Amino acid sequence: MDEATTRLVAAVTTGLRAAGDPETAEGAKRYLKTDLTHYGVRLPVIRKLVADALRAHGPLARAGLVAATRALWHPEVHESRIAASVLLERRFTLLRAEDTALLEELLRDSRTWALVDLLAGSVAGRLLLREPTVVGVYQGWAAEEEQWIRRSGVLAFLVPLHDETGFDAHWPVFTALADPLLADHRFFVRKALGWVLRQTGRKHPAEVYDWLLPRAGRSSGVTVREAVRYLGDARSESVAAAYRGGAPGRR
């Protein structure tokens, strides 16, 4: 790393240690059920530390961004890895299509929704809007059996589907990859599907309704409850009725 990047990483690392709270750390570690060290620093504070470090130590080139990200990720410290993710989020315009390899490396090492959701739902999604060619990578993630990579492949469409241009380009792709995943039994996959449908339904309720209604009978309750949030009362009740008419014993 160059000197400026080294100073940036040091500033963030020092700030995280200073801002830590043991009681918060204990609660977060218990809640997230991870084996990482926790300092007990909340996300808004981490965001401010990263922003302050960027202002103090100048703009990053792409090589510096990658180096700083790896340096912050390397310690097995939850907040340091969150800071690495926030750094990528703030400087995502520096990323190229080939940087999906870096994102995948970090995602495979995440093992918790708290890291996956930032990297996939924010960074990967913003990259897809800028570099549509990466869509095949995300389709591959969604097709994987490993829970967190599959969740990442779903959440990578969260930002693009909330964008008008992105919706037109990526709604057909998302629905094609989401259809077989409705049968996935795992909560974090089901929740991700519902989350993306819910957010898409804010601007495109008719499209979400038309896609979900004939599939509600084989969807999970978690997915349906999230997905109908912004569809309006009549549409929501129609989807709920179709869900209730599906196979018994689902949750």
Side-chain angles (χ1 to χ4, degrees), residues 100 103-104 107-108 110 113 115-129 131-232 235-247 249-251:
T100 53
L103 294 180
E104 183 171 337
L107 286 165
R108 290 189 184 280
S110 292
W113 60 265
L115 292 167
V116 165
D117 292 6
L118 254 178
L119 289 167
S122 183
V123 182
R126 285 171 167 78
L127 181 58
L128 178 56
L129 273 179
E131 297 283 353
T133 58
V134 305
V135 69
V137 175
Y138 301 167
Q139 288 172 299
W141 292 354
E144 280 208 27
E145 184 62 26
E146 202 281 324
Q147 173 179 241
W148 298 119
I149 299 300
R150 178 168 289 184
R151 180 177 171 94
S152 298
V154 173
L155 292 183
F157 288 85
L158 193 61
V159 171
L161 292 179
H162 201 63
D163 176 88
E164 285 305 316
T165 302
F167 176 83
D168 292 338
H170 299 300
W171 176 244
V173 180
F174 173 76
T175 52
L177 71 82
D179 189 274
L181 302 187
L182 293 172
D184 195 299
H185 67 281
R186 292 166 295 186
F187 172 82
F188 285 106
V189 175
R190 292 173 166 185
K191 184 78 169 183
L193 290 166
W195 183 8
V196 174
L197 291 169
R198 180 191 74 200
Q199 293 303 103
T200 305
R202 286 176 176 269
K203 291 184 177 180
H204 301 279
E207 288 87 344
V208 171
Y209 172 75
D210 289 345
W211 183 81
L212 182 60
L213 182 64
R215 296 167 175 82
R218 57 184 176 87
S219 300
S220 73
V222 172
T223 299
V224 168
R225 285 191 295 274
E226 288 291 323
V228 301
R229 192 79 62 85
Y230 300 110
L231 301 189
R235 286 172 174 154
S236 296
E237 180 50 40
S238 293
V239 172
Y243 166 76
R244 291 193 296 268
R250 293 166 312 154
R251 300 172 64 182

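Every heavy atom of this structure was used, including side-chain atoms; hydrogens, water molecules and symmetry mates were not. Quick caveat, the model's predicted, so the values are computed rather than measured.
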Separation of [Y] [atom2] from [X] [atom1] (nearest 0.5 Å):
{"X": "R108", "Y": "E144", "atom1": "CZ", "atom2": "CD", "answer": "4.0 Å"}
{"X": "W113", "Y": "L118", "atom1": "CH2", "atom2": "CG", "answer": "9.5 Å"}
{"X": "S220", "Y": "L181", "atom1": "OG", "atom2": "CG", "answer": "11.5 Å"}
{"X": "L103", "Y": "W141", "atom1": "CG", "atom2": "CH2", "answer": "5.5 Å"}
{"X": "R126", "Y": "D163", "atom1": "CZ", "atom2": "CG", "answer": "10.5 Å"}

Search all heavy atoms of [X] against all heavy atoms of [Y] and return the closest pair with its distance.
{"X": "L161", "Y": "H170", "answer": "CD2-C, 3.7 Å"}
{"X": "L129", "Y": "G166", "answer": "CD2-CA, 3.9 Å"}
{"X": "A124", "Y": "A120", "answer": "CB-O, 3.4 Å"}
{"X": "E164", "Y": "K203", "answer": "OE2-CD, 3.5 Å"}
{"X": "S236", "Y": "L231", "answer": "OG-CB, 3.9 Å"}
{"X": "A143", "Y": "R150", "answer": "O-NH2, 3.4 Å"}

Residues two or more places apart in sequence or in another chain: which of them pass salt bridge (Lys or Arg N to Asp or Glu O under 4.0 Å) with [X]?
{"X": "E226", "answer": "K191, R198, R229"}
{"X": "R215", "answer": "D179"}
{"X": "D117", "answer": "R151"}
{"X": "E207", "answer": "none"}

Note to self: Quick check on side-chain contact (heavy atoms from CB on, under 4.5 Å): which of L177, V154, L127, L155 does Y138 satisfy it with?
What the structure shows: L127
Non-hydrogen side-chain atoms of [X] and [Y] separated by less than 4.5 Å:
{"X": "L197", "Y": "W211", "answer": "yes"}
{"X": "V116", "Y": "L107", "answer": "yes"}
{"X": "L193", "Y": "D184", "answer": "no"}
{"X": "V159", "Y": "L128", "answer": "no"}

Next item on the list: Only counting residues at least two apart or in another chain, list the ones meeting ring-ring contact (aromatic ring centres under 6.0 Å, His included) with H204.
Entry: F167
Note to self: Whether the side chain of S219 engages the backbone of L182 through a donor-acceptor N/O pair (distance < 3.5 Å, no angle test) should be reported.
What the structure shows: no
Check: Can you tell me if S122 uses its side chain to pair, donor with acceptor, with the backbone of L119 under 3.5 Å?
Finding: no
Note to self: Closer than 4.0 angstrom, basic N to acidic O: yes or no for R186 and E146?
What the structure shows: no
Check: Under the side chain to side chain contact (heavy atoms under 4.5 Å, CB included) criterion, do V208 and W171 qualify, and how do the steps go?
Finding: CA-CA 10 Å; V208 171; W171 176 244; 3.9 Å; yes
Check: Taking only residues two or more places apart in sequence or in another chain, which ones pass side-chain contact (heavy atoms from CB on, under 4.5 Å) with T133?
Finding: A97, E131
Checklist line | Mutual orientation of the aromatic rings belonging to F174 and F157 [parallel < 30°, tilted 30-60°, perpendicular > 60°] | finding: tilted
